[in-house]
Every structure is written in structure tokens, then in C-alpha cells.
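Have a look at the structure below before the remarks.
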Amino acid sequence: MDKVLDILRGFFQAIREINEKYKTPQIKMTPMVSASLLILRLYLLATVAILLVKFIMVTLGH
Amino acid sequence: MNITSKAYYNLNRVAKFLRIFAMVAGPGIIVMVADNDAGGITTYAATGAQTGYSLLWFLVLLGPIAYFVQEMTVRLGAVTKRGHAEAIFYSFGSFWGWFSILDLVLTDWMTMITEFIGITAAMSIFGVPPVVTVILCWLIMGFMVLQGHYWTWEKIALFFCLINLIYVPAAFLIHPSATEVLHGLIPQAPPGGLTNQFFFLLMANIGTTIAPWMIFFQQSTVVDKGMREKDIPFGRLDTIVGSILTVVVAIFIIIVTGKLLFGTNVESAAQAAIQLMPMNKYLGTFMAIGLFDAGLLGAVCISLASSWAFGEVFGWAHSLNHNIREAPWFYAYYFFDLVLAGTVTLIPNAPLVLITLFVQVGATVLLPAALVFLILLLNNDELMGKYKNSLFDNIVNIGIVAALIIISTGYSLTVIFPNLLK
């Protein structure tokens with residue numbers, strides 16, 4: 001059990017280190033990059049919304 | 001210089017070029033042939049059965065599309081020496097990094113289940129029980145990577161790519177009419193007109209052309225192989241050869257099903273092989289072998305794409321040049337993926353339709369992000385230097401990426417909402 005907990009602790013520690021290491025995006029935020037990332041976020045939000053609609057439809061038996 | 005000396009000089013140059021190409025070639029051919037995976041074979045078989053030869057011309061167009069997207073991964077990998085997952089973390093930060101890697105891992109795992117479904121269905125045609133097939137596949141997949149040499153893995157993978165060409169002799173068994181095939185290569189509407197079903201098939205074929213795992217896989221392979229900037233021209237040629245092979249295989253599958261199964265409803269490649277067996281047992285056998293091979297190659301490449309991505313981000317040793325003791329987590333993840341996907345296939349009444357749906361949804365979420373990151377990275381001066389996208393590259397690639405995003409999203413919407421096109 002202790003060994004499993006150690007592995008889990010190590011795993012979460014590794015995630016924290018990765019987050020720290022890649023905290024700041026290294027790409028130069030030109031208008032093109034910013035606009036692309038914004039559009040990507042909007043696209044993903046729309047995708048999530050569509051999936052939610054589907055989920056609700058399936059739940060309601062449509 | 002006399003003619004003999006000139007000829008000798010040119011022959012030497014060609015021989016040298018071919019020698020270097022033989023050393024550099026691999027990632028492009030493997031990724032493109034593996035793209036014709038179990039799902040892809042099913043799409044092509046269904047395309048032939050529904051439209052005959054009338055969509056052959058469209059398949060030819062998909063070759064350049066696949067090439068232009070994958071060529072960017074060759075440049076990015078050779079110049080930055082980073083895999084795609086690491087490049088996203090490094091350039092766009094941990095939010096986009098985690099988003100990409102988690103989506104990749106989930107989508108890859110689900111896609112691998114569909115590969116195992118294809119593999120077991122193909123072997124069931126020969127009377128091999130699914131459990132035996134899955135164990136046999138695990139052994140083959142283990143043997144492929146546990147040599148501790150990238151070179152050995154690549155040669156075995158190329159051997160499986162060669163087997164994928166079995167669809168070519170299969171098509172010659174049915175003596176297709178050359179005139180009809182050539183006619184199919186001319187752009188035309190299908191016999192039934194521009195129906196919703198036709199558009200669905202078009203989107204399905206485009207959807208199988210570029211998958212998110214391919215971008216991650218080829219970039220990681222280029223890095224693992226140690227390709228450098230000077231190898232980029234050979235990497236391009238490798239990708240061109242691969243894209244030609246992928247189109248050739250697709251066309252020959254359509255030639256078979258377009259002639260013998262035209263007008264029938266083909267729901268899977270295994271079903272097509274079963275239907276072909278009474279018509280010509282060699283043909284049915286070839287189709288089943290091709291499906292087994294496609295699923296196997298797809299599963300190996302997809303699992304490796306995820307393992308490389310995790311290794312890059314977590315800083316584990318993540319090269320096929322390492323043995324299992326040197327890169328334990330890399331191989332542990334590779335086998336974990338394979339064992340989990342294979343085991344799900346063996347569960348009776350597993351929700352396979354739901355899994356297929358999820359693959360499509362996952363790809364829809366990930367593909368635009370992976371493609372957009374690719375374009376942005378290829379336009380980064382500091383990262384790419386003189387290897388950044390030229391104006392021509394940008395016009396072509398941005399056009400392709402925009403079209404791919406729109407069409408693959410449309411395809412996914414029709415999969416999620418099946419009544420959308422009715």
C-alpha cells in the first residue's frame with residue numbers, strides 16, 4: 001500500500017514539475033497566434049456545447 | 001568527360017541517393033500505410049460497394065492532402081528535435097499541452113480498440129478464436145519493440161507495410177476492366193447523384209486521411225530516428241512514397257469491392273471479406289489478411305504515438321533504441337495500452353458503437369488543435385529559422401487545414417447526429 005501511495009505521490013509531483021516547467025508559453029504571442037488560440041477555444045467550447053446537447057437528447061430518450 | 005564516365009558518375013550519384021534514402025526512409029511510409037488501418041479499410045470497402053469506381057478520382061486527391069500535413073511534422077521534428085506533445089507544451093504552455101495529451105491518449109486508446117476489433121474479426125474468418133488472436137498480437141507487438149533498436153522495429157514495421165499491399169494482387173485476381181478503372185479516375189458524380197449518403201462517404205474518406213495520432217507519431221519517429229535538417233529532403237520523399245502507397249491501397253480495395261460488392265451494404269471490412277470468400281476464396285483470404293495486417297500496424301503505431309507523447313512530457317527515457325530496463329515506463333505504457341485495448345475487445349457485448357462514436361468525437365476535438373498548433377509552430381521564426389513555412393506552404397497548408405477542420409467536424413456531426421443529413 002505504501003509503495004502504491006509513493007508511486008501516486010511521485011506521479012503528482014511529476015505533474016506539478018511539468019506544470020512549473022511549462023508555465024510560460026515560449027511562442028511569441030503575435031496577433032496571429034493570439035487570434036488562432038482564441039478561435040480554437042471558441043471551437044472547443046462549441047464542440048462541448050454540441051456534445052452536451054447530444055447527451056441531454058440521449059438522456060431524454062430522443 | 002566521355003559518355004561512359006558521365007554515365008558512371010550519374011549512376012554512382014543515383015546509387016548514393018538511393019542508399020541514403022533507404023537509410024532515412026521509414027517514418028513517412030509507416031505512418032501513411034498505418035493510416036489505412038482497420039477503420040480505413042472498412043471505409044474504402046464501403047465506398048466501393050456504394051459508389052463503384054466513381055470515387056476513385058477523389059482518393060487520388062487525398063494523397064497530396066496527407067502529404068502536405070505530414071511533411072510539416074518532418075520539418076518540425078528534424079529542426080526542433082522535439083515530439084509534437086513536447087513542442088505543444090514548450091510553445092503553448094501546460095494548459096494546451098495537457099489538453100492535447102489527454103485527448104490524444106483517450107482517442108488513441110479507443111482507436112486501438114477498433115483496430116483489435118478488425119484484427120479479431122479478420123482472424124475469425126480463418127476460425128481463430130478472438131482470445132488466441134489477441135494474445136498472438138500482443139506477442140508480435142512485444143517482439144517488434146523489445147529488440148531495443150529503432151532500426152529493427154522500423155524494418156519489421158516496413159515488412160507489415162509490404163503485406164498491406166496484398167490488396168494489389170487481390171484486385172488483379174478479379175481482372176478489373178482497365179477502361180472502367182481509368183474512367184473512375186476522371187472526376188465525376190456517383191451513379192445515384194449527389195445524395196446525402198454520397199457526402200457522408202466523402203467526409204468519411206477525408207476523415208480517415210488525417211488522424212491526430214499521425215501527427216504525433218511521425219514527429220516522434222523523426223526525432224527517435226535522429227533525423228537532422230539535412231535529412232528533410234529525404235524525409236519529404238519518404239512521405240511522398242508513403243502517401244502514394246496509401247492511395248494505391250485505397251484504390252485497389254475500391255476496385256475489388258466496387259466490382260464484386262457493388263450495390264450491397266458493407267458495414268465492415270471483415271464482412272466484405274466474408275462476402276468475397278464464396279466468390280473467390282483467395283480474394284476473401286487476401287482481404288482478411290490485409291485487414292489483420294492493417295489493424296496490427298495501426299495498433300502498434302497508435303500505441304507508440306501515445307507512449308512517445310507521455311515519455312516526452314514526463315521526461316522518461318522514450319526511445320525504441322532503449323531496451324526495457326533503460327526505458328521501463330515507455331514500454332510499460334505501450335503494453336498497458338495494448339493489453340487494455342485488446343482486453344476490451346474480448347468483453348462480450350462491449351459497446352462497440354459507442355466506442356466508434358467516441359473515436360470520432362475525440363478526433364474532432366483534437367484534430368483542429370493539433371493542426372492549428374502545427375501551422376503556428378511552422379510559422380515561428382525563432383523555432384524554425386529558414387525551415388519555416390514559405391508563403392506557398394502557408395497558402396496550401398492553411399487551405400488544407402481549414403478544409404480538413406470543416407469537413408472532419410461535419411463528418412463528426414453526422415456521426416453524432418445520424419439524422420442530420422436525412
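This structure is a prediction, so every number in the text was calculated from the model and none was measured. Labels below follow one simple rule: chain letters A, B, ... track the order of the sequence lines, proteins then strands, and each chain is numbered from 1. Both backbone and side-chain heavy atoms feed into the values below; hydrogens, waters and symmetry mates do not.
- Counting heavy-atom pairs under 4.5 Å between each of Tyr90(B), Phe373(B), Phe95(B), Phe314(B) and chain A puts Tyr90(B) at the top.
- Interface remark: Leu37(A) contributes backbone and side-chain atoms alike to the contact with chain B (heavy atom separation under 4.5 Å).
- At least one side-chain heavy atom of Leu44(A) sits less than 4.5 Å from a side-chain heavy atom of Phe99(B).
- In summary, the side chains of Thr43(B) and Asn205(B) do not present any donor paired with an acceptor at a separation below 3.5 Å, with no hydrogens or angles considered.
- Only the side chain of Val372(B) comes within less than 4.5 Å of a heavy atom in chain A; its backbone stays farther off.
- Within a 6.0 Å radius of NZ in Lys28(A), other residues, nucleotides and ligands contribute 12 heavy atoms or fewer.
- For the options Ile27(A), Val48(A), Ile15(A), heavy-atom pairs under 4.5 Å to chain B are most numerous at Ile27(A).
- Note on residues 36-50 of chain A: no pairs pass salt bridge (charged side-chain N to carboxylate O under 4.0 Å, His left out), not counting sequence neighbours.
- Using the six-membered ring where Trp is involved, Phe330(B) and Trp308(B) have ring planes that are tilted, between 30° and 60° apart.
- For Asp381(B), no part lies under 4.5 angstrom from a heavy atom of chain A.
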